[in-house]
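Letters A, B, ... mirror the listed sequences (proteins, then strands); counts begin at 1. Just so it is clear, the structure is predicted and the values come from calculations on it, not from any experiment.
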Amino acid sequence: MFAAVEQRDKVSLRGKPVVVGGVAGRGVVATASYEARAFGVHSAMPMARARRLAPLNTAFLSPRFAAYKRTSEVVMRLLSEVSPLVEQVSIDEAYVDLAVTGNDLSVPGVIELARRLKAEIAVVTGGVTGSIGAASSKLLAKIGSDLNKPDGLTVIPPGEELAFLHPLPVSRLGGVGPATEQRLHRSGVRSVGDLAGVSLDLLVDWFGTAHGTGLFRLARAQDDRPVVSDREAKSVSAEETFEVDVTDPVRLKRELDLLAARVVGRLRSGGLAGRTVNIKVRHGDFTTVTRAVTRDHPTDDGRLVAQLARRLLAEVDTSGGIRLLGVGVSTLADFAQDDLFTAARAEQQGDLFTAARAADVEGFAPDAELVTEPPETGADSPAPVVESPPGPAEVTGPAVVAGPAVVAGPVVWRPGQDVRHEELGAGWVQGSGLGRVTVRFEGPRRPSGPVRTFAVDDPGLRPADPPDWTVP
DNA sequence: TCTGGGGTCCTAGGACCC
DNA sequence: TCTGGGGTCCTAGGACCC
């Protein structure tokens with residue numbers, strides 16, 4: 001699809017080999033036009049190899065994701081007119097459930113619909129073609145759409161599923177990659193028909209419960225997976241492969257900060273926050289390790305994510321240089337929902353302070369002392385920063401002391417409510433001198449009630465991890 | 001030839017709880 | 001003295017997809 005968009009947008013590329021992907025040293029091919037595929041170039045191939053295989057007139061292009069996204073969107077809009085139930089799988093693939101609307105589901109009817117759709121796709125995209133597979137399940141629709149690309153139309157009529165499926169090589173099945181294929185070949189299983197002759201016990205033995213039963217069913221064309229629209233994201237991540245392996249710890253920290261900022265930016269634009277921070281490190285020899293840490297509360301604070309990521313990186317030996325660095329956030333929640341959870345849990349534990357903060361209960365603290373202007377409400381308001389005077393630290397507002405710092409002394413909420421340290425959830429503590437504390441309100445939900453005050457009694461704050469304590 | 005970037009799902013083992 | 005059974009959560013790694 002990337003190559004098709006490039007050829008659409010640049011007349012001189014039509015009919016010529018086009019390779020889209022990482023053009024620099026360690027890049028790989030994302031897509032090759034059919035002219036380039038004729039020379040053996042294909043997706044996931046190292047670009048260096050593609051350059052050797054492809055002829056001199058080949059265009060090597062960096063991806064223009066914005067252009068592909070625009071093209072994708074007009075097609076997806078078209079699909080949503082066919083049926084309200086559309087599951088977008090990637091930028092260039094989607095399942096459409098034709099059975100939820102009053103479509104004519106006879107074979108001639110479906111062929112007619114598909115032909116019309118293909119014509120419309122070509123029109124709205126300005127000449128990019130699409131392939132369609134129509135069948136009684138996702139499995140077969142997908143396999144059908146892969147046939148006769150890039151302008152194919154395959155309909156598998158009801159009742160002919162097995163006749164269609166069984167002669168195909170096992171690698172055609174979704175979920176059968178190189179590892180599974182190899183294992184099957186080792187036992188002489190090459191076609192889907194062969195696979196249908198293997199017992200469930202044996203498949204579970206080879207591949208585990210989930211994968212084994214999945215293969216058993218797919219080989220029999222048993223697939224009742226529904227078409228699901230609007231699936232929620234489970235993780236957000238960013239990673240980078242360096243041109244040359246990086247050893248310099250200062251550079252690594254900087255890269256980690258940049259990656260964390262990218263992740264958090266996307267997190268926030270989706271209104272999300274996460275409880276788990278992950279890092280990924282790939283060494284020069286391609287061995288890859290991951291490290292993760294899970295907090296009690298979701299965050300979308302870039303500095304906190306970066307700081308946790310740095311702590312995780314410190315657990316990994318990078319002295320030999322690393323090839324790739326990645327940062328991710330998972331166990332996602334959107335803030336409002338999480339606040340309700342926090343509130344419910346805190347209330348259960350009798351922690352009324354956290355409960356009130358989480359639920360934004362107004363008038364909860366009638367006696368609260370007002371020390372600063374109440375922070376603004378709303379997702380777009382900048383996070384207010386409250387800096388306490390030196391001495392016994394005073395922390396302001398319903399945001400509470402937490403983050404990488406540990407509160408050493410007892411924390412007292414003025415009206416006499418005791419707050420346990422573990423329950424001090426959101427907020428960010430920052431400071432350089434003893435007893436000097438800065439609290440930043442965190443997250444899109446700013447407190448809307450009166451600002452409440454509590455004090456951090458003697459001896460102020462103490463860093464949890466000295467090297468991280470000095471925040472720039 | 002020398003291996004991207006963004007994701008999803010599964011498994012196994014350990015900690016912890018009742 | 002000898003050691004359960006079930007469940008949840010977390011981490012690390014791997015397979016797979018586009």
query = When we call it a touch if two heavy atoms are under 4.0 Å apart, what does Thr209(A) touch: a base, just sugar-phosphate, or nothing?
reply = sugar-phosphate
Arg51(A) CZ to dC2(B) C1', straight-line distance once rounded to whole Å = 15 Å
message = Expressed as a whole number of angstroms, how long is the span from His283(A):NE2 to dC2(B):C1'?
response = 18 Å
Between dG4(B) (P) and Ile322(A) (CD1): distance, integer Å = 14 Å
message = Just to be sure I understand the rule, does Gly175(A) reach a base, reach only the sugar-phosphate, or reach nothing, if contact means heavy atoms closer than 4.0 Å?
response = sugar-phosphate
inquiry  = At 4.0 Å (heavy atoms only), tell me whether Val89(A) reaches a base, stays on the sugar-phosphate, or touches nothing.
reply    = nothing
ask   = What is the distance from CZ of Arg231(A) to C1' of dT8(B), rounded to the nearest Å?
value = 7 Å
message = Measure OH/Tyr95(A) against P/dC18(C) and give the value in whole Å, please.
response = 8 Å
query = How is Ala233(A) classified with respect to the nucleic acid when contacts are heavy atoms under 4.0 Å: base, sugar-phosphate, or nothing?
reply = sugar-phosphate
query = Looking for any heavy atom pair under 4.0 Å, which part of the strands does Ala238(A) touch: base, sugar-phosphate only, or nothing?
reply = sugar-phosphate
ask   = Can you check the Asp205(A) CG to dT11(B) C1' distance for me, whole Å?
value = 15 Å
note = Ranking Lys234(A) and Val28(A) by the position along DNA chain B of their nearest nucleotide, the one closer to 5' is Val28(A)
task = Answer with base, sugar-phosphate or nothing: what part of the nucleic acid does Arg262(A) contact at a heavy-atom distance below 4.0 Å?
result = sugar-phosphate
key: Distance, P atom - from dC18(C) to dC2(B), rounded to whole angstrom   = 26 Å
Intermediate values then yes/no, side chain to side chain donor-acceptor pair (under 3.5 Å), Thr294(A) and Arg275(A) = CA-CA 5 Å; Thr294(A) 299; Arg275(A) 290 173 49 227; 5.6 Å; no
inquiry  = Base, sugar-phosphate or nothing for Ile91(A)? Non-hydrogen atoms, less than 4.0 Å.
reply    = nothing
message = For Gln7(A), is there any backbone N or O sitting under 3.5 Å from a side-chain donor or acceptor partner on Arg14(A)?
response = yes
request  = By nearest nucleotide on DNA chain B, pick out whichever of Ser237(A) and His211(A) is the more 5' one.
outcome  = Ser237(A)
ask   = Which is true for Asn278(A) with a 4.0 Å heavy-atom rule: it touches a base, it touches only sugar-phosphate, or it touches nothing?
value = nothing
message = Less than 6.0 angstrom from the centroid, inside 45 degrees of the normal: does Arg51(A) satisfy that with respect to the ring of Phe60(A)?
response = yes
request  = Measure the distance from CD on Glu93(A) to C1' on dG7(B) and round it to the nearest whole Å.
outcome  = 14 Å
message = Any base atoms under 4.0 Å from Val29(A), or only sugar-phosphate, or nothing? Heavy atoms, all strands.
response = nothing
request  = Look at all strands and tell whether Lys280(A) reaches a base, only sugar-phosphate, or nothing, counting heavy atoms closer than 4.0 Å.
outcome  = nothing
inquiry  = Does Gly174(A) reach a base, just sugar-phosphate, or nothing at all? Heavy atoms under 4.0 Å.
reply    = sugar-phosphate
ask   = If you draw the axis of the six-membered ring of Tyr68(A), does the NZ or CZ of Arg70(A) fall within 45° of it and under 6.0 Å from the ring centre?
value = no
Any strand: nucleotide that pairs with dC18(C) via Watson-Crick or wobble, under 3.5 Å = dG5(B)
query = To the nearest angstrom, how far is Met47(A) atom CE from dG5(B) atom P?
reply = 12 Å
query = When you compare dC17(C) with dT1(B), how far apart are their P atoms, in angstrom units rounded to a whole number?
reply = 26 Å
request  = Taking the six-membered ring of Phe39(A) (Phe, Tyr or Trp), confirm whether the NZ or CZ of Arg52(A) is under 6.0 Å from its centre and within 45° of its axis.
outcome  = no
